[in-house]
S.K.: 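So that we are looking at the same thing, I have put the structure below in structure tokens.
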Amino acid sequence: MFFCAVITIFALLSGCGNGSNEAVSGWKFPLAANISDGCILHCFCWDFNTIKNSMADIAAAGFSAVQTSPANTCYEGEDGGMQLFGDGKWYYHYQPVDWKIGNYQLGTRDEFAAMCAEAEKYGIKVIVDVVPNHTTPVISAVSASLASAAGGMHRLYHKGAENALSDFSDRLKCTTYSMGGLPDVNTENPGFQDYFIAYLNDCVACGADGFRFDTAKHIGLPDDPKENDGYQNNFWTRVKTEVTGADGLFMYGEVLQGANERISAYIEAIGAATASAYGIKLRSAVSGGRFSAATLGNFFAGGETRRLVTWVESHDNYINDGNWAVMDEDDVILGYAVAAARSGGTPLFFNRPYGADKQNRWGEMNRIGCAGSDGYKNPAVRAVNFFRIAMAGEDEELSEAAGGSVLIVSRGNKGAVIINAGKAVEVDFPVSLRNGTYINRVDGETEFRVKGGKLTSDSPLPAESVVVLYNKNYIKTAGQIYLGIEGSTRFQSGKPCVVSLEAENAVESFYSVNGSAGQPFSDGTEIEIPWDGESAVVLTLTAAGSEGQTSFREFVFTGL
């Protein structure tokens with residue numbers, strides 16, 4: 001895929017090593033051995049090569065797992081256009097035509113396997129988004145081998161597959177009717193099940209460590225009603241028992257809460273589920289600038305606390321519910337700090353498109369394959385990710401301060417995360433921390449003191465900020481490298497683009513245009529990106545830091 005070419009400058013930047021993240025990056029990052037004890041980065045629409053080459057950045061940001069977009073063969077819409085939305089669409093990889101690894105948007109099976117191998121070097125787990133519930137509505141594009149496995153195209157789908165779902169409270173309709181115009185696969189068909197489970201097992205063989213099941217609520221549970229076709233509602237039973245090493249995989253279902261959601265039953269059937277109702281509470285609290293410890297201490301998932309994936313936003317919330325126009329990334333980070341600081345759930349950070357804001361949903365590049373915003377590297381995100389790992393096994397307590405504009409998430413008496421959604425306030429809060437002096441792990445310098453259960457500081461708590469405090473189990477990590485550009489990625493009127501290159505915390509940095517030999521640059525270096533009037537142009541940035549850490553970033557320049 002042309003926009004994911006990698007320019008290897010020196011062995012330091014090449015990802016060479018003996019299998020530990022210390023050897024690969026020059027620094028060992030203390031990531032969680034179990035996905036549930038760490039945090040997940042949703043690499044929304046990043047291709048496999050981009051994820052692979054960004055592994056050092058992801059580890060440095062404290063993410064113990066990545067979640068890919070669907071890896072299955074998918075419908076190739078709009079002549080293979082690669083925009084997130086426009087000349088191409090992000091949602092085509094949610095329109096399977098076959099359950100084999102590899103598609104035109106994300107890459108090949110070999111590239112997927114290479115990404116998983118690189119993740120293992122860093123101690124990062126790979127979760128694959130899988131889509132068993134439906135295919136593309138373009139039935140003629142569905143593979144003959146898939147149809148044959150199901151006993152014919154007519155047996156691949158439910159009898160009600162063409163009926164539009166409108167009544168979510170009717171479980172038979174919910175699990176057999178079409179949602180969003182996508183024909184509903186007969187997931188009870190044994191031939192289909194064999195075919196799909198073979199796909200999951202191939203993912204595992206390539207190095208996958210878990211799965212997110214898209215639209216899981218629309219696949220029947222064992223006691224759900226079903227069509228009269230002679231099959232059994234045993235899809236989830238077979239997945240949990242026949243996927244290689246299923247007991248050791250992290251598997252969760254997308255169960256958007258609402259009418260007749262059956263979330264507890266899905267958690268039992270799959271292993272975990274999304275806590276979408278909790279996301280609503282987080283978004284409301286941050287947007288309103290007021291926290292309720294009682295409300296945010298409840299996951300609203302039938303009493304479940306652990307077997308959940310939590311988020312402030314998912315790609316569905318961002319795209320379909322309009323979060324992009326309501327919450328900026330700073331708001332998201334405040335809410336994410338709450339989710340990641342807590343003992344329950346497994347927090348997921350959705351990577352927004354590069355350059356997206358409240359006026360621009362799809363961002364500056366609007367490009368499938370490339371990494372999105374650098375928000376996942378934000379110092380507050382990074383600090384709370386490592387805090388969560390360090391606090392594994394510690395009890396939690398949520399409390400409010402400053403009239404509810406401040407939320408304190410305490411983990412035993414060893415650590416606390418303080419989230420301020422309002423104006424700057426003086427620090428004089430009751431906390432459970434042991435007496436002593438603490439440094440804010442977000443900025444690395446502000447000092448806080450605890451004496452007799454009271455937290456104080458000479459500095460006020462900044463407006464809309466996150467403070468992370470802990471001493472026990474704190475491990476110093478190498479500084480995060482930031483690579484970027486200042487300027488537009490859009491050619492206008494056939495003219496070249498002039499951009500200023502950015503490199504923070506780097507001692508050596510290189511750029512390459514369309515695979516050319518790497519050229520050194522420093523922060524502020526200006527370069528001209530040429531254009532032939534038709535082809536996209538790829539700018540690749542790589543860097544190394546003083547402590548041996550490395551970084552990678554690519555930008556795709558296109559016409560308007």
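Source: prediction; values computed, not measured.
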S.K.: Side-chain contact test, heavy atoms from C-beta onward, threshold under 4.5 Å: evaluate it for P347 versus W311 and give yes or no.
M.R.: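 They are not in side-chain contact.
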S.K.: For V312, is there any backbone N or O sitting under 3.5 Å from a side-chain donor or acceptor partner on R283?
M.R.: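 Yes; judged by distance alone, with no hydrogens or angles, the pair exists.
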S.K.: Surrounding CZ of R155 (heavy atoms of other residues, nucleotides or ligands, distance under 6.0 Å), is the total greater than 12?
M.R.: no
S.K.: For the pair F85 and Y91, name the ring-plane relationship: parallel under 30°, tilted 30 to 60°, perpendicular over 60°.
M.R.: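 If you compare the ring of F85 with that of Y91, the planes turn out perpendicular.
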S.K.: Are F213 and W236 an aromatic pair by the rule of ring centers under 6.0 Å?
M.R.: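 Centroid separation for F213 and W236: below 6.0 Å.
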S.K.: Decide side chain to side chain contact (heavy atoms under 4.5 Å, CB included) for I124 and V66; before the verdict, give the C-alpha distance in whole Å, the side-chain angles of both, and the deciding distance to 0.1 Å.
M.R.: CA-CA 7 Å; I124 293 172; V66 294; 4.1 Å; yes
S.K.: If you take the centroid of each ring, where Trp contributes its six-membered ring, are H315 and W90 closer together than 6.0 Å?
M.R.: yes
S.K.: Verify salt bridge (charged side-chain N to carboxylate O under 4.0 Å, His left out) between R262 and D224, making sure each step is shown before the conclusion.
M.R.: CA-CA 10 Å; R262 303 204 65 190; D224 269 330; 3.1 Å; yes
S.K.: Does K281 count as lying over the ring of F300, i.e. NZ or CZ under 6.0 Å from the six-ring centre, within 45 degrees of the axis?
M.R.: yes
S.K.: Tell me, yes or no, whether the heavy-atom count around N320 atom CG, taken from other residues, nucleotides or ligands under 6.0 Å, exceeds 12.
M.R.: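 Yes.
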S.K.: Quick one: closest heavy-atom pair of S36 and T346, and the distance?
M.R.: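 For S36 versus T346, the nearest heavy atoms are CA-OG1, 3.3 Å.
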S.K.: Between the main-chain N or O of A144 and the side-chain N or O of S148, is there a donor-acceptor pair closer than 3.5 Å?
M.R.: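 Not a single qualifying donor-acceptor pair exists.
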S.K.: Is the backbone of N72 close enough, under 3.5 Å, to the side chain of D98 for a donor and an acceptor to pair up by distance?
M.R.: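 It does not hold such a pair.
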S.K.: Is the NZ or CZ atom of K377 both under 6.0 Å from the centre of the six-membered ring of Y482 and within 45° of that ring's axis?
M.R.: yes
S.K.: Would you indicate whether the side-chain heavy atoms of R109 and F48 approach each other to under 4.5 Å?
M.R.: no
S.K.: When rounded to the nearest 0.5 angstrom, what is the spacing between CG in N103 and OG1 in T73?
M.R.: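 It is 7.0 Å, given to the nearest 0.5 Å.
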S.K.: Are the aromatic ring centres of Y376 and F349 under 6.0 angstrom apart?
M.R.: no
S.K.: Could you check whether atom CD of E78 has more than 12 heavy atoms from other residues, nucleotides or ligands sitting under 6.0 Å from it?
M.R.: yes
S.K.: Shortest non-hydrogen contact from P30 to F386?
M.R.: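 That closest heavy-atom pairing would be CD-CE2, 3.7 Å.
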S.K.: If you compare all heavy atoms of D79 against all heavy atoms of E76, which two are closest, and at what distance to 0.1 Å?
M.R.: C-OE2, 4.3 Å
S.K.: State the CD1-CD1 distance between I270 and I267, to the nearest 0.5 angstrom.
M.R.: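 Reported value, rounded in 0.5 Å steps: 9.0 Å.
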S.K.: Is K100 positioned over the aromatic face of Y195, cation under 6.0 angstrom from the ring centre and no more than 45 degrees off axis?
M.R.: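 Because its charged atom sits under 6.0 Å from the ring centre and within 45° of the axis, K100 does stack over Y195.
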S.K.: Quick one: are the ring centres of F196 and F192 less than 6.0 Å apart?
M.R.: yes
S.K.: Mark yes or no for whether K89, through its side chain, and M82, through its backbone, hold a donor-acceptor pair below 3.5 Å.
M.R.: no
S.K.: Could you go through E554 and T540, starting from their C-alpha distance and side-chain angles, then the distance that decides it, and tell me whether this counts as side chain to side chain donor-acceptor pair (under 3.5 Å)?
M.R.: CA-CA 4 Å; E554 277 190 339; T540 303; 2.8 Å; yes
S.K.: Surrounding CD of Q232 (heavy atoms of other residues, nucleotides or ligands, distance under 6.0 Å), is the total greater than 12?
M.R.: no
S.K.: Exactly one of T215, N133, D129 should register a side chain to side chain contact (heavy atoms under 4.5 Å, CB included) with Y94. Which one does?
M.R.: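 For Y94, the side chain to side chain contact (heavy atoms under 4.5 Å, CB included) test succeeds with only one of T215, N133, D129, which is D129.
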S.K.: When you compare the side chain of S314 with that of H42, does any pair of heavy atoms fall below 4.5 Å?
M.R.: no
S.K.: Compute the ring centroids of F44 and F350, then answer whether they are less than 6.0 Å apart.
M.R.: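 For F44 and F350, the ring centres are under 6.0 Å apart.
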S.K.: Distance-only, no hydrogens or angles: does the R388 side chain make a donor-acceptor pair with backbone N or O of R342 under 3.5 Å?
M.R.: yes
S.K.: Tell me, do Y177 and D184 make a side-chain contact under 4.5 Å, heavy atoms counted?
M.R.: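 Not in contact.
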S.K.: Hey, are the side chains of V204 and L249 touching, using non-hydrogen atoms and a 4.5 Å cut-off?
M.R.: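 They are in contact (side-chain heavy atoms under 4.5 Å apart), so the answer is yes.
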S.K.: Looking only at side-chain N and O atoms, does E304 offer a donor or acceptor that is under 3.5 Å from a partner on S264?
M.R.: no
S.K.: So, do T558 and V537 sit near enough that their side-chain heavy atoms are less than 4.5 Å apart?
M.R.: no
S.K.: Checking the side chain of T274 only, and the main-chain atoms of S276 only, is there a donor and an acceptor separated by less than 3.5 Å?
M.R.: no
S.K.: Using every non-hydrogen atom in the two residues, find where T175 and H158 come nearest and quote the distance to one decimal.
M.R.: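 Heavy atoms only, the tightest pair is O-CE1, 3.3 Å.
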S.K.: Would you give the length of the straight line joining atom CG of L182 to atom OG1 of T135, rounded to the nearest 0.5 angstrom?
M.R.: 7.5 Å
S.K.: Quick one, Q193 with N234, criterion side chain to side chain contact (heavy atoms under 4.5 Å, CB included). Give me CA distance, side-chain angles, the key distance, then yes/no.
M.R.: CA-CA 9 Å; Q193 292 176 349; N234 63 349; 2.9 Å; yes
S.K.: What pair of heavy atoms forms the shortest contact from T50 to A371, and how long is it?
M.R.: CG2-N, 3.6 Å
S.K.: Between V185 and F235, is a side chain to side chain contact (heavy atoms under 4.5 Å, CB included) present by the stated rule, with each step listed?
M.R.: CA-CA 12 Å; V185 167; F235 175 83; over 6 Å; no
S.K.: Yes or no on salt bridge (charged side-chain N to carboxylate O under 4.0 Å, His left out) for K125 and E120, after CA distance, side-chain angles and deciding distance?
M.R.: CA-CA 7 Å; K125 306 297 192 295; E120 186 174 4; over 6 Å; no
S.K.: Can you check whether N323's main-chain N or O pairs, donor with acceptor, with D321's side chain at less than 3.5 Å?
M.R.: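 No.
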S.K.: Looking only at atom types and distance, does a side-chain atom of N186 sit under 3.5 Å from a main-chain N or O of L156, one as donor and one as acceptor?
M.R.: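 No: the side chain of N186 does not pair with the backbone of L156.
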S.K.: Kindly determine whether S373 and E329 satisfy side chain to side chain donor-acceptor pair (under 3.5 Å), including the steps that lead there.
M.R.: CA-CA 9 Å; S373 162; E329 197 159 57; 2.7 Å; yes
S.K.: Once you round to the nearest 0.5 Å, how far does CZ of R171 lie from NZ of K217?
M.R.: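 It comes to 8.0 Å.
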S.K.: For Q480 and R382: C-alpha separation, side-chain torsions, deciding distance, then whether side chain to side chain donor-acceptor pair (under 3.5 Å) applies.
M.R.: CA-CA 9 Å; Q480 186 97 50; R382 188 173 192 257; 3.3 Å; yes
S.K.: Testing the 3.5 Å rule here: is there a donor-acceptor pair between the side chains of E313 and Y336?
M.R.: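 Judged by distance alone, the side chains do not pair up.
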S.K.: Is there side-chain contact between F555 and L541, with heavy atoms separated by less than 4.5 Å?
M.R.: yes
S.K.: How many angstroms lie between atom OG1 of T244 and atom CG of N201, to the nearest 0.5 angstrom?
M.R.: 3.5 Å
S.K.: Does A356 offer a backbone N or O that forms a donor-acceptor pair with the side chain of N360 under 3.5 Å?
M.R.: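 No: the side chain of N360 does not pair with the backbone of A356.
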S.K.: Any chance you could lay out the side chain to side chain contact (heavy atoms under 4.5 Å, CB included) test for Q67 and L41, step after step, and finish with the verdict?
M.R.: CA-CA 6 Å; Q67 179 176 299; L41 175 63; over 6 Å; no
S.K.: Got E111 and I101 here, is their nearest side-chain heavy-atom distance under 4.5 Å?
M.R.: no
S.K.: Atom CD1 in I51, atom CZ in F112: separation rounded to 0.5 Å?
M.R.: 9.0 Å
S.K.: Which atom names give the shortest non-hydrogen contact between N233 and P225, and what distance separates them?
M.R.: ND2-O, 3.7 Å
S.K.: So, the side chain of T489 versus the backbone of F557: is there a donor-acceptor pair under 3.5 Å, distance only?
M.R.: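 Side chain of T489 to backbone of F557, a donor-acceptor pair under 3.5 Å: no, none is there.
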